[in-house]
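As a basis for the values below, the full set of heavy atoms in this structure was taken, side chains included, without hydrogen atoms, waters or symmetry mates.
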Amino acid sequence: MESTAGPSESLLDRLEHSLHLSPPQQSATKSALEQLVAALKEQSLALQRGTEEIESTLFLDPFPYVALLFPLLGAPDSGLSTLARTAVDLFAGHSSGKEVVMSLGERISRLVPAAEESEFGDEGEESEEPEAPWNGQQASRELAQLISIYSQVLPRIKTVRPANFLSSAVEQILGAIASLVESGAFAAAGEDGDEGQILAAGILEALTSFIDSFEDDTWLQPARETGLPLLKTLLLSTVARLHSHLSVSLAQTYFVAAYPRYRIPGRDASVHPSLTRSWDAALDTSKRLAFSPPALFAVATSKPSPSTDPISSLGAFILLTHVLASSSNLRPSILGDNSSVLFSKTLRLLMSAFGAGEPGETIKVSEDEALFWAWWCVQGAVREGEELDESVLFSLVELLSTFSSLSPNPSSRFLAFRLLTTVVLRGTEKEEVQLMILQDLIEDCPFEQMRVASIGLLREVVAGKFQLKEQNSLSSATGNDAGRPTPSLFLSPLLLDELFNALLRFDPVDLLAPPPSSTAEPVTAAVFLETHAKSTMEKLSLIYFLFARDQDDLTTIHATLSTTEQLFLSPLRVALRSWLIEAEQRSELGQVLELEILKGAVERVDEAAALRSGSR
C-alpha cells in the first residue's frame with residue numbers, strides 16, 4: 001500500500017493525467033478512480049483498527065484530491081460520478097472537517113464562472129490548454145452532490161459556534177443556486193423534455209435532506225436559536241428561486257377536480273416523478289421547521305423592511321400554495337381572514353405573476369401558483385357564501401381579463417378566463433356591479449378577444465338569471481317562497497338600454513352599408529371575416545338566445561326587433577348574400593364555409609323571431 005506523510009504522488013498524478021487526456025478517455029479516469037477508492041478504503045479500515053495514524057494516510061491533505069473529484073460528481077457518466085462520490089465521502093468521513101468544508105466552499109463559489117472569467121480567463125494567468133466549456137447541467141448535478149456532502153461533514157466539526165459554519169454554508173449554497181438560475185442552467189430541456197426540471201428537483205431534494213439532517217441534530221443545539229432561522233431562510237429562498245422550474249400544474253389539477261367536464265386546452269397531465277418527490281420532501285421539511293399555513297402566510301405578506309427578505313417572503317407564498325394544494329380540506333379561514341382580505345394582502349404578488357408588476361422583476365410568482373391561489377380563494381369565498389369586496393372584485397377582473405388575453409400559454413388563458421367567469425357569476429350578488437363589469441369588458445376592454453368572449457359571458461349570466469327566475473316561480477307555485485324576489489336587472493329593459501350599441505349594431509354603425517356620400521371602400525368579405533366574424537357570431541348567439549328564451553319580452557329584445565333588423569340583421573344578410581356569390585365564383589371554399597356558418601346563424605335568429613311572431 002502506498003502511504004506517505006503527504007499525498008501519494010502516483011495516485012494523484014494518475015488521476016490528474018487521466019482527466020487531461022485529449023480526447024478524454026473515461027476508461028482511464030475510471031481506472032484511476034477505482035485505484036484511489038481502493039486505497040482510501042484500505043486506509044479507512046486501518047484507521048478504524050488503529051493500525052495507522054491519519055498523518056500516514058491520504059486523508060491528511062484532502063485538498064488536491066477533492067479539487068479533482070468535485071467536478072466529477074456532476075459527470076453524465078453515472079459510473080464516474082458514483083466512484084468520485086465514494087472517494088469524496090471517504091475524505092469527508094476521515095479528513096479534517098474544516099478542511100473539507102473549506103474545499104466545498106471554494107468549489108461551490110466557482111460552480112458558475114464569473115462573466116469575465118468565462119469569457120477571458122483568469123486575469124494574469126495563461127492557460128496551457130483551453131478549458132472545456134462550462135456546462136450548467138453538470139454544475140447543477142454537482143451542486144446537489146456538494147450539498148449532500150455538506151450535511152455529512154459539518155457535524156464532524158467540533159465547535160461551540162456551529163451557526164457560524166452553517167451560515168457560511170447557507171450563504172455559499174444560496175449564492176450558487178442564484179447563479180445557476182441566472183445562467184440558465186435549468187432551461188435546457190434535454191431529450192426527454194424534462195432535464196431542466198429534474199436538475200432543479202434534485203437540488204431541492206438535496207436541500208431538504210440537508211435541512212432535515214440539522215433540524216434535529218445535536219451538533220446545532222448550542223446555537224439552535226440562530227441556526228433554525230438559517231435553515232428556514234435556506235428552504236424559502238431555494239423554493240423562491242427554483243419553483244418556476246418545478247411546475248406540477250397545481251392550478252390545472254385543482255380546476256379539473258372541481259370541474260371534471262371541462263377540457264383544458266394544451267394541458268399536459270404528466271408530471272415527472274422527481275418533481276412530485278421533491279415537493280413532497282419540501283412540504284415535509286416545512287412541517288419539521290414549524291411552517292404552518294398561517295406562519296407561511298405571515299412571512300409571505302410581511303411588510304417590506306430592512307429586516308425582511310423579499311426572496312424569503314416569495315418562497316413562503318410559493319410553499320403555502322403547495323401546502324394548500326396538498327389537502328382538500330383547507331379553507332381560507334385557516335389563514336385567519338376571509339378571501340377578500342387574502343386577495344388584498346397578496347395582490348402585489350398576483351400582479352407580478354400576471355404581468356402587471358414592477359418593470360424588471362426577475363424573481364416572481366409563477367403563473368401556476370398564482371392561478372391556483374386565485375382559484376382557491378375564490379372557491380373558498382363561494383363555499384362560505386362570501387361576497388368579494390368591490391375593490392378586490394374590480395382588481396381581479398382587470399388582472400384576469402388582461403392575463404387571459406395576453407398569456408402565451410393556452411391552458412393558463414383558459415384557466416384565467418374560467419376564473420374570471422366565476423368571479424363575475426359568483427363573486428358578488430349585486431347585479432348592478434355584475435352589469436357594470438360586463439359593460440366595461442364588452443365596450444371598453446382593449447383586447448378584442450376579451451370583448452368577444454365577454455358577450456358569451458353575458459349570455460351565461462343571463463341564462464343563470466332565467467334559471468333562477470324559473471326556480472323562484474316554481475317555489476312560489478308550491479308555496480315554498482320566502483317572499484317576492486326582486487326582479488333581475490338582467491331580465492329588464494335596462495340590459496339593452498345599457499348594451500344596445502355594443503350588442504345589436506355594428507361598430508361603426510354603417511360598416512356594411514356606408515351612405516352614398518361616403519368615400520370609404522365597402523368592407524370586403526376577407527376583412528370582415530378577419531376582424532368582425534367572431535364578435536358577430538357571439539352577438540347572433542346572444543340575440544338568438546334572447547329571442548328563444550325571453551318569451552315575456554322582459555329584456556325588450558322583441559320590441560327592439562325592428563331597430564335590430566335595420567342596424568344589424570338586414571345589412572348582414574345583404575352582405576353575406578353578396579359575399580357568398582363572389583366567393584363561390586372564385587372557388588374560395590374556406591371563405592364560403594365561414595360565410596355559410598354566419599348565414600346559418602342569421603337564419604336561426606330569423607326562425608326564432610318568426611316563431612314568436614307566429615304564436616301571437
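- To the nearest 0.5 Å, atom OG of residue Ser352 and atom CG of residue Leu347 are 11.0 Å apart.
- Side-chain atoms of Thr301 never come within 3.5 Å of backbone atoms of Lys345 as a donor-acceptor pair (strictly under, hydrogens ignored).
- Checked by atom type, the side-chain pair His94/Thr57 shows no donor-acceptor distance below 3.5 Å.
- Lys30 has its side chain within reach of Leu80: a pair of non-hydrogen atoms, C-beta onward, lies under 4.5 Å apart.
- With hydrogens and angles left out, the side-chain atoms of Gln252 and Ser411 include a donor and acceptor closer than 3.5 Å.
- Between the Asp389 side chain and the Ser340 main chain, no donor and acceptor come within less than 3.5 Å of each other.
- Formation of a donor-acceptor pair under 3.5 Å by the Ser31 side chain with backbone atoms of Ala28 is not found in this model.
- Comment: Asp284 does not engage Arg288 in a salt bridge, judged by the lack of any side-chain N to carboxylate O separation of less than 4.0 angstrom.
- With no hydrogens or angles considered, no side-chain donor-acceptor pair links Glu205 and Ser278 at under 3.5 Å.
- Crowding of Gln35 atom CD: a count of heavy atoms from other residues, nucleotides or ligands under 6.0 Å exceeding 12.
- By the neighbour-count criterion of 12 heavy atoms within 6.0 Å, atom CZ of Arg161 is sparsely surrounded, having that number or fewer from other residues, nucleotides or ligands.
- Side-chain contact annotation: Ser148 with Gln152, donor-acceptor N/O pair under 3.5 Å absent.
- In terms of heavy atoms, Ser151 sits closest to Pro155 at O-CD, 3.3 Å.
- Residue His322 comes nearest to Val248 through the heavy atom pair CE1-CG2, 3.7 Å, listed as atom of the first residue, atom of the second, then distance.
- A donor-acceptor contact under 3.5 angstrom links the side chains of Ser56 and Glu52, judged on distance only.
- Checked by atom type and distance alone, the side chain of Gln137 pairs as donor or acceptor with a backbone atom of Ala185 at under 3.5 Å.
- Counting heavy atoms from C-beta outward, Leu371 and Trp376 have side chains that stay 4.5 Å or more apart.
- Taking both residues in full, the closest heavy atoms of Gly202 and Ala144 are given as O-CB, 3.9 Å, listed atom of the first, atom of the second, then distance.
- Atom CD of Glu53 has 12 or fewer neighbouring heavy atoms from other residues, nucleotides or ligands inside a 6.0 Å radius.
- Each ring pair (Phe, Tyr, Trp, His ring centres under 6.0 Å) pair with one or both residues in residues 153-176, not counting sequence neighbours, would appear here, but there are none.
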